[in-house]
Engineer: 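Structure in structure tokens, see below.
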Amino acid sequence: MFRRGMAARLACAAACLITGMALAPSQAQTLTMRSALSRALAASPRLTAAERDVGIATGQRIQAGALLNPELSYEQDDSFGSGKYRGTRSAETTLQISQAFELFGKRDARIAAGAAGVEVASIQRKAVRLEVLSETAIAFLSVLGAQHRIQILDEQIAAIDRLTPLLRRRVEAGASSPAETGRAEVASALVKADRERFKATLASARRELAVLMGDPAAKFGEVSGRLDTMGKPPTFQSVVAAIDANPQLVRWTAVFALRNAELLLARLKPYPDVRIAAGWRHFNETNDDAVRLSLSVPIPVFDQNQGNILSAQESLAKTKVEREANRNTLIVIAGRAYDSLQGSLRELAVLREIAIPKAVEASEAISQGYGQGRFTLLEVLDAQASVTQARLREQEALQNFHAGVATIEGLVGNPFTLARESVR
């Protein structure tokens with residue numbers, strides 16, 4: 001229910017996750033979100049390790065169902081002694097086969113524990129898959145956000161550079177001081193310095209994304225996506241309710257079954273098993289033969305496995321509080337992501353309704369007035385800087401919004417519904 005609702009309410013955010021469906025051939029190196037997620041799933045060593053854990057647990061389950069092996073023994077009595085027992089003339093030889101039989105459902109309990117172990121490993125693999133998807137999506141958004149910030153700074157640099165011819169004409173006409181040329185150069189240099197800082201951030205983000213996709217260095221071009229579309233998020237109560245579907249919490253049901261089986265095994269261990277043996281005995285002295293039968297049962301007098309039973313009981317009791325602690329941790333993470341998402345929406349509302357339109361309006365008016373001599377260069381530069389800062393804040397808020405969406409989708413056990421919806 002929550003999965004369909006979240007997709008419907010946030011479907012307009014799909015553009016930030018999947019784009020590039022109409023790319024030209026020359027843009028073949030552009031990386032889309034869908035491609036990044038697919039490559040990350042194929043290359044993740046953590047996911048491979050989780051798959052091996054499933055294989056390990058499967059092997060343990062198979063071994064748990066194996067029957068005990070029979071034993072074959074050979075005995076020779078009354079030989080290599082003295083007198084009539086010299087050599088093997090009076091020897092008694094016995095060839096015997098014995099088999100232990102587990103009683104009281106011990107084998108069934110082992111099989112149940114093995115099956116629960118496979119279930120735990122399988123669910124843990126799903127949890128790792130969600131983590132890989134979430135981390136990759138957030139890394140992709142970091143690259144996309146850095147790209148957009150650099151584009152904004154490039155536009156500001158170009159705007160400052162466009163002032164240069166006008167500034168020179170004003171200086172030549174005596175309407176402006178030659179010092180203003182230096183002021184414009186300083187402003188341009190400061191913006192270029194900010195751009196270099198963002199380029200370093202972009203390089204780190206690209207490397208992180210590349211490593212998640214299995215490459216030591218970025219081999220892709222730009223990433224393709226949009227951050228400027230959003231939707232109304234669900235309530236936090238619905239997010240918390242949906243967290244119970246997260247594999248990290250679902251796995252505790254399997255862990256509970258596993259520890260129940262382990263407790264049963266510990267309780268059954270003191271009950272004795274039966275060993276039955278049958279053999280053939282030959283008496284050399286009389287050349288007679290006989291059948292030998294034996295039955296043995298251990299007596300659990302000293303070791304009743306009480307320590308292991310207590311340990312298994314405590315492990316079972318610990319499972320409930322471990323799940324609750326795990327759930328609390330997920331709720332805290334979801335709460336942070338949700339608060340960031342909501343804060344980003346409020347910030348975007350202020351920026352888009354007031355800050356950016358007013359800054360653009362003021363910048364355009366001051367730029368026109370500068371050509372008429374009504375404003376100074378400093379006022380023009382300040383106005384342009386205000387527009388740039390507002391647009392940079394907008395990009396940061398957009399990135400935080402979509403990162404919050406990716407985090408929440410990973411926590412509710414519903415990976416990237418928005419991505420799938422946008423492809424339909």
Side-chain angles (χ1 to χ4, degrees), residues 15-16 19-20 22-24 26-33 36 138-168 180-210 217-229 344 347-348 351-352 355-368 370-371 375 377-403:
C16 83
T19 58
L23 293 175
S26 61
Q27 296 175 309
Q29 297 300 319
T30 300
L31 182 68
T32 64
M33 173 68 83
I138 293 173
F140 183 94
L141 292 168
S142 297
V143 175
L144 187 59
Q147 285 182 180
H148 287 180
R149 291 184 181 91
I150 292 173
Q151 291 172 2
I152 291 172
L153 294 175
D154 285 338
E155 292 172 6
Q156 185 184 8
I157 294 170
I160 295 174
D161 291 343
R162 284 195 297 269
L163 287 173
T164 303
L166 178 58
L167 178 59
R168 288 174 181 171
E180 289 193 348
T181 304
R183 182 175 292 173
E185 292 175 351
V186 170
S188 178
L190 289 176
V191 178
K192 289 177 181 177
D194 287 339
R195 182 180 60 181
E196 293 304 317
R197 178 163 52 86
F198 280 115
K199 282 185 176 180
T201 301
L202 175 60
S204 297
R206 285 171 58 83
R207 184 180 301 107
E208 180 180 351
L209 179 58
K219 299 178 182 179
F220 53 89
E222 292 186 345
V223 301
S224 175
R226 295 180 58 190
L227 296 173
D228 56 355
T229 52
S344 298
E347 182 180 0
L348 285 166
L351 290 170
R352 289 178 167 180
I356 294 178
K358 295 294 184 182
V360 171
E361 181 182 349
S363 179
E364 291 175 351
I366 291 174
S367 296
Q368 292 175 1
Y370 177 72
F375 296 100
L377 176 64
L378 182 59
E379 290 173 309
V380 174
L381 295 176
D382 284 344
Q384 290 181 350
S386 296
V387 174
T388 298
Q389 291 304 314
R391 293 179 62 194
L392 289 174
R393 287 282 298 273
E394 179 190 30
Q395 288 300 316
E396 180 181 1
L398 286 169
Q399 180 181 330
N400 290 339
F401 172 83
H402 290 294

Engineer: Could you grab the distance from atom CG of Asn400 to atom CD of Glu396, nearest 0.5 Å is fine?
Structural biologist: 5.5 Å
Engineer: With no hydrogens and no angle check, is any side-chain donor or acceptor of Ser386 less than 3.5 Å from a backbone partner on Asp382?
Structural biologist: yes
Engineer: What distance do Arg391 atom CZ and Ile152 atom CD1 have between them, rounded to the nearest 0.5 Å?
Structural biologist: 4.5 Å
Engineer: Decide yes or no on side-chain contact (heavy atoms from CB on, under 4.5 Å) for Leu209 and Val223, but give the supporting numbers first.
Structural biologist: CA-CA 10 Å; Leu209 179 58; Val223 301; 4.2 Å; yes
Engineer: CG of Leu153 to OG1 of Thr388: how many Å apart, nearest 0.5 Å?
Structural biologist: 7.0 Å
Engineer: Decide side-chain contact (heavy atoms from CB on, under 4.5 Å) for Leu144 and Gln399; before the verdict, give the C-alpha distance in whole Å, the side-chain angles of both, and the deciding distance to 0.1 Å.
Structural biologist: CA-CA 8 Å; Leu144 187 59; Gln399 180 181 330; over 6 Å; no
Engineer: So, for Ala187 and Leu381, which heavy atoms are closest and what is the spacing to 0.1 Å?
Structural biologist: CB-CD1, 3.7 Å
Engineer: Judged by atom type as modelled, is there a donor-acceptor pair below 3.5 Å linking the side chain of Ser363 to the main-chain atoms of Ala359?
Structural biologist: no
Engineer: Mind listing the closest non-hydrogen atom pair of Ser224 and Thr30 along with its distance?
Structural biologist: CB-CG2, 3.2 Å
Engineer: A side-chain contact here means heavy atoms from C-beta on lying under 4.5 Å apart; do Ile356 and Val387 qualify?
Structural biologist: no
Engineer: Evaluate side-chain contact (heavy atoms from CB on, under 4.5 Å) for Ile150 paired with Gln147, printing each intermediate quantity in order.
Structural biologist: CA-CA 5 Å; Ile150 292 173; Gln147 285 182 180; 6.0 Å; no
Engineer: Give a yes or no on whether a salt bridge exists between Glu196 and Lys199, defined as a side-chain N under 4.0 angstrom from a carboxylate O.
Structural biologist: yes
Engineer: Rounded at 0.5 Å granularity, tell me how far CD in Gln156 sits from CG in Asp161.
Structural biologist: 10.5 Å
Engineer: Please round to the nearest 0.5 Å and tell me the distance separating atom CD1 of Ile366 and atom CG of Leu377.
Structural biologist: 11.5 Å
Engineer: So which atom in Leu398 and which in Arg352 form the shortest heavy-atom distance, rounded to 0.1 Å?
Structural biologist: CD2-NH2, 3.6 Å
Engineer: In this structure, which one of Lys192, Arg195, Arg149 forms a salt bridge (Lys or Arg N to Asp or Glu O under 4.0 Å) with Asp154?
Structural biologist: Arg195
Engineer: For residues Leu378 and Arg183, report the shortest heavy-atom separation together with the two atoms involved.
Structural biologist: CB-NH1, 3.7 Å
Engineer: Kindly give the heavy-atom pair with the smallest separation between Ala184 and Ile160, and that separation in Å.
Structural biologist: O-CG2, 3.7 Å
Engineer: Roughly how far apart are Ser142 OG and His402 NE2, rounded to 0.5 Å?
Structural biologist: 13.0 Å
